[in-house]
Amino acid sequence: MSDHAEPSGSHFIKSIIAEELAAGKRKVVHTRFPPEPNGYLHIGHAKAICLNFGLAEEFGGRCNLRFDDSNPLTERQEYVDSIREDVRWLGFDWEDREFYASDYFEQLHEWALDLIRKGKAYVDDLTADEIREYRGTLTRPGRDSPHRDRSIEENLELFEAMKRGDFPEGSKVLRAKIDMASGNFNMRDPVMYRILHAEHYRRGKEWAIYPTYDFAHGQSDSLEGVTYSLCTLEFEDHRPLYDWFIENLEIFPSRQIEFARLNLSHTVLSKRKLKKLVEEGHVSGWDDPRMPTLSGIRRRGYPPAAVRDFCNRIGVAKADSRVDLALLEHCVRQELNRSAPRRMAVLDPIKVVIENYPEGQSEELEAINNPEDESAGKRKVPFSRELWIERDDFMEDPPKKFFRLGPGREVRLRWAYFITCNEVVKDEVGKIVELHCSYDPETRGGQAPDGRKVRGTIHWVSAEHSIPLEVRLYDHLFTKDDPDQSDRADKGEAGKGEADQGQGGGGFLDNLNHDSVTINTNAQGEPSLAEAAPGQRFQFERRGYFCADSKDHSAGHAVFNRTVTLRDTWAKIQKRS
RNA sequence: UGGGGCGUCGCCAAGUGGUAAGGCACCGGACUUUGGAUCCGGUAUUCGCAGGUUCGAUCCCUGCCGCCCCAGCCA
């Protein structure tokens with residue numbers, strides 16, 4: 001794929017690749033995106049996807065999609081399906097290079113045998129607790145397992161029996177024989193294989209032993225000829241082990257390079273926390289439009305091109321960081337501004353009666369679909385005596401900077417006429433229920449022949465023709481930039497506890513924004529909106545970008561999600577005064 | 001206190017010996033049938049701190065401070 005993938009700026013991984021290429025150390029660039037099918041992809045994964053596929057494309061190489069499925073306990077076909085859909089949605093194509101670590105089990109097993117024969121791996125009978133105990137601590141080196149020096153023959157026999165399923169889970173593991181005194185825990189005889197009498201979603205019950213991440217990932221890279229294996233910072237400590245297996249197995253040398261994972265303000269990006277939001281019902285599901293999952297932002301209406309643009313702008317570095325959601329929203333607005341057709345919809349309607357417009361009459365006015373894209377054409381919008389306008393486009397006692405409607409003031413109705421407000425009708429409690437206005441027939445289309453100007457242009461909808469809309473307005477899911485930051489941190493108490501139970505528990509749930517969604521069922525939209533297809537995106541003029549909900553929208557019941565608001569300088573001016 | 005990393009504008013992020021790119025945000029102003037878009041302009045004498053080397057340091061050296069990750073038979 002290549003339609004929108006503009007190369008991002010320079011970053012250290014590109015420099016490394018360019019250097020190796022120039023030095024002749026590598027001939028090609030081959031990367032991979034290696035998700036574990038145990039959850040849904042989120043915007044953080046989008047960064048990795050864009051990086052891996054983007055680099056391959058930029059250097060004329062290839063990028064594989066590989067499911068890192070070496071743990072039968074948590075993985076499911078359902079997840080591989082959603083992952084494939086999400087990567088495709090983002091706009092990337094892995095062609096015929098869809099791989100599975102579970103397809104490499106036979107080869108991995110051979111390699112394990114190889115290490116045993118070389119005296120570099122052994123079967124250990126210690127329990128998990130004992131292994132932990134023998135591993136030592138941050139400051140104390142570990143001790144050798146009593147089984148560390150078994151003979152090659154015995155190891156071979158035992159490992160074969162493990163594979164056959166002769167032993168119960170947890171009773172034995174295969175370990176690499178490296179260095180129990182290493183400062184790096186990953187080198188203290190890491191586990192290569194564990195016994196799991198579980199059914200694997202792809203391999204069924206064929207295997208009783210499963211390789212660990214460390215014994216599967218690098219070798220999978222190597223098998224696929226991956227030159228650059230990009231992963232996040234927490235794997236930096238694993239690199240020596242990654243290299244150790246390559247060296248001792250004498251296989252193709254993939255190179256692991258680590259970069260900082262994405263953090264986004266006002267949301268969480270960890271599988272565990274996202275799962276908690278779903279399971280505890282704080283959101284409606286993985287594809288709730290407030291979720292940072294790819295399925296969530298897709299339903300919210302974020303275009304894939306905007307997500308790609310975002311990923312190219314945030315950079316790739318090794319410093320822990322948290323990107324402001326405002327940047328993502330900027331990318332979304334920029335993309336939608338040029339691609340979304342415009343429509344008029346009134347979210348909080350107030351009735352306007354044009355007193356000098358004949359009762360029972362109506363007409364069709366021409367409206368431009370997208371001023372940024374002439375090819376989007378024009379449409380007809382019906383106009384009649386009674387209209388809906390936005391309640392906050394009228395002020396009874398407007399300040400000088402307010403350009404909209406007020407008693408005695410004239411404004412332009414977009415694509416229609418100039419109207420002047422003559423009378424404000426209120427109910428018993430003083431609430432404004434109706435505005436009586438007059439229009440100037442000479443201003444049809446929005447121009448005054450006498451050249452007079454009006455400062456304000458407001459949107460509207462013909463009451464007789466409009467259709468009711470359910471509009472869902474979304475806001476930040478969390479009130480804080482960093483939801484993990486507890487108030488108590490300021491007082492020197494537990495700032496970032498593991499306790500995220502909420503309700504004063506000091507965790508991220510305490511920072512949930514309880515007004516992150518507002519369901520508005522009073523909105524009125526222009527009739528053409530009835531034909532919107534689920535998933536279709538529009539700009540509701542002066543209000544924001546909206547997307548017909550992919551699940552709940554239908555011709556008979558129009559439901560729109562607000563993707564993002566428009567920039568609102570009037571709101572800023574108001575806030576200041 | 002063992003090992004591995006990171007600290008450049010409010011948020012990201014280039015630059016890595018020659019005197020601080022860019023984007024977002026923010027603040028002005030122009031233009032405007034979306035207070036949208038667009039367009040101009042502004043915003044780090046300073047690169048965690050302290051020393052040192054040098055004609056010259058964000059880039060080199062030393063020390064310190066701060067933050068992140070690692071003791072799963074998860075990935």
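To find a chain, count down the sequence lines: A is the first, B the second, and so on, and within it residues start at 1.
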With RNA chain B as reference, determine whether A:Arg542 or A:Lys572 sits nearer its 5' end, using the nearest nucleotide of each.
-> A:Lys572
When the C1' atoms of B:C12 and B:C6 are considered, how many whole Å apart are they?
-> 15 Å
Who are the side-chain contact (heavy atoms from CB on, under 4.5 Å) partners of A:Ala367, not counting sequence neighbours?
-> A:Arg379, A:Val381, A:Trp415
Which stems, defined as runs of 3 or more consecutive Watson-Crick or G-U wobble pairs with both pairing distances under 3.5 Å, involve RNA chain B?
-> B:2-7 with B:65-70, B:10-12 with B:22-24, B:26-30 with B:38-42, B:48-52 with B:60-64
The side-chain contact (heavy atoms from CB on, under 4.5 Å) partners of A:Lys380 (sequence neighbours excluded) come to A:Glu364, A:Glu366
Can you check the A:Asn337 CG to B:U32 P distance for me, whole Å?
-> 18 Å
Taking atom P of B:C31 as reference, at what distance in whole Å does atom CZ of A:Phe403 sit?
-> 13 Å
When you check the phosphate oxygens OP1 and OP2 of B:C24, does a side-chain N or O of A:His330 lie under 4.0 Å from one of them?
-> yes
N or O in side chain of A:Ser182 less than 4.0 angstrom from B:G2 OP1/OP2 | no
How far, in whole Å, is B:G18 from B:A13 if one measures between their P atoms?
-> 23 Å
Would you classify A:Glu258 as touching base, sugar-phosphate or nothing, given that sugar-phosphate means primed atoms plus P, OP1 and OP2, and contacts are heavy atoms under 4.0 Å?
-> nothing
is_close_aromatic(A:Phe159, A:His109), centroid dist under 6.0 Å | yes
Do A:Arg150's NZ or CZ and the ring of A:Tyr122 fall within the cation-pi criteria of under 6.0 Å and 45°?
-> no
From CG of A:Asn263 across to P of B:C69 the rounded distance in Å is 11 Å
When we call it a touch if two heavy atoms are under 4.0 Å apart, what does A:Arg404 touch: a base, just sugar-phosphate, or nothing?
-> base
A:Asn369 CG to B:U34 P, straight-line distance once rounded to whole Å | 16 Å
Measure the CZ-CD distance between A:Arg343 and A:Glu526 for me, rounded to the nearest 0.5 Å.
-> 5.5 Å
Is the base of B:U38 touched by the side chain of A:Glu372 through a donor-acceptor pair closer than 3.5 angstrom?
-> no
State whether A:Lys273 and A:Asp484 are salt-bridged, where the test is any N-O pair (Lys NZ or Arg NE/NH1/NH2 against Asp/Glu carboxylate O) under 4.0 Å.
-> yes
Looking only at atom P, what distance separates B:C70 and B:A37, rounded to whole Å?
-> 42 Å
Looking only at atom types and distance, does a side-chain atom of A:Lys14 sit under 3.5 Å from a main-chain N or O of A:Gly9, one as donor and one as acceptor?
-> yes
Distance, rounded to the nearest Å, where A:Phe310 contributes CZ and B:G22 contributes P | 21 Å
Under 6.0 Å between ring centres, would you say that holds for A:Trp570 and A:Phe402?
-> yes
Heteroatom pairs (N/O) under 3.5 angstrom, protein to nucleotides 28-30 of chain B:
{"unit_1": "B:G28", "atom_1": "OP1", "unit_2": "A:Arg576", "atom_2": "NH1", "d": "3.0"}

Would you call B:G72 syn or anti, using the 90° rule around 0?
-> syn
Please report the shortest heavy-atom distance between A:Arg333 and A:Tyr545, naming the atom on each side.
-> O-OH, 3.8 Å
Let me see the working for A:Tyr213 and A:Phe235 under ring pair (Phe, Tyr, Trp, His ring centres under 6.0 Å), right down to the final yes or no.
-> CA-CA 11 Å; A:Tyr213 165 84; A:Phe235 290 101; 5.0 Å; yes
Rounded distance in Å between the C1' positions of B:C49 and B:G7 | 11 Å
Heteroatom pairs (N/O) under 3.5 angstrom, protein to nucleotides 5-10 of chain B:
{"unit_1": "B:G5", "atom_1": "O2'", "unit_2": "A:Glu236", "atom_2": "OE1", "d": "3.4"}

Please state the C1' separation for the pair B:G51 and B:C39 - nearest whole angstrom.
-> 49 Å
If we take the C1' atom in both B:C24 and B:A14, what is their distance in whole Å?
-> 15 Å
A:Asp482/A:Arg322 salt bridge by N-O under 4.0 Å criterion | yes
Nearest nucleotide by nearest heavy atom, which residue falls closer to the 5' end of RNA chain B, A:Lys401 or A:Leu327?
-> A:Leu327
Send over the distance from A:Gln256 CD to B:G4 P, rounded to a whole Å.
-> 15 Å
Considering only B:C12, B:C24, B:G2, which nucleotide approaches the side chain of A:Ser321 most closely?
-> B:C12
Length of the CD-C1' vector between A:Glu329 and B:G23, whole Å | 16 Å
Figure out the NZ/P separation between A:Lys480 and B:C11, and round it to whole Å.
-> 17 Å
Polar contact flag, side-chain donor to acceptor under 3.5 angstrom, A:His330-A:Arg567 = no
With rounding to whole Å, what would you report as the distance between B:C59 and B:U53 at their P atoms?
-> 15 Å
When rounded to the nearest Å, what value does the distance between C1' atoms of B:C47 and B:A75 take?
-> 37 Å
Can the ring centroids of A:Phe560 and A:Phe540 be said to lie less than 6.0 angstrom from one another?
-> yes
Contact class for A:Pro371 vs. all strands (heavy atom < 4.0 Å): base, sugar-phosphate, or nothing?
-> base
Show your reasoning for whether side chain to side chain donor-acceptor pair (under 3.5 Å) applies to A:Asn64 and A:Glu224.
-> CA-CA 8 Å; A:Asn64 301 347; A:Glu224 294 173 15; 2.8 Å; yes
A:Ala317 side chain, from C-beta outward: closest of B:C24, B:U34, B:A14 | B:A14
A:Asp373 to A:Arg338 - nearest heavy-atom pair and separation = CB-O, 4.0 Å
Quick one, give me the B/S/- string for nucleotides 70-75 of chain B, reading 5' to 3', where B means a protein heavy atom under 4.0 Å from the base and S means that only happens at the primed atoms, P, OP1 or OP2.
-> BBSBSB
Hey, do the aromatic rings of A:His45 and A:Tyr40 have their centres closer than 6.0 Å?
-> no
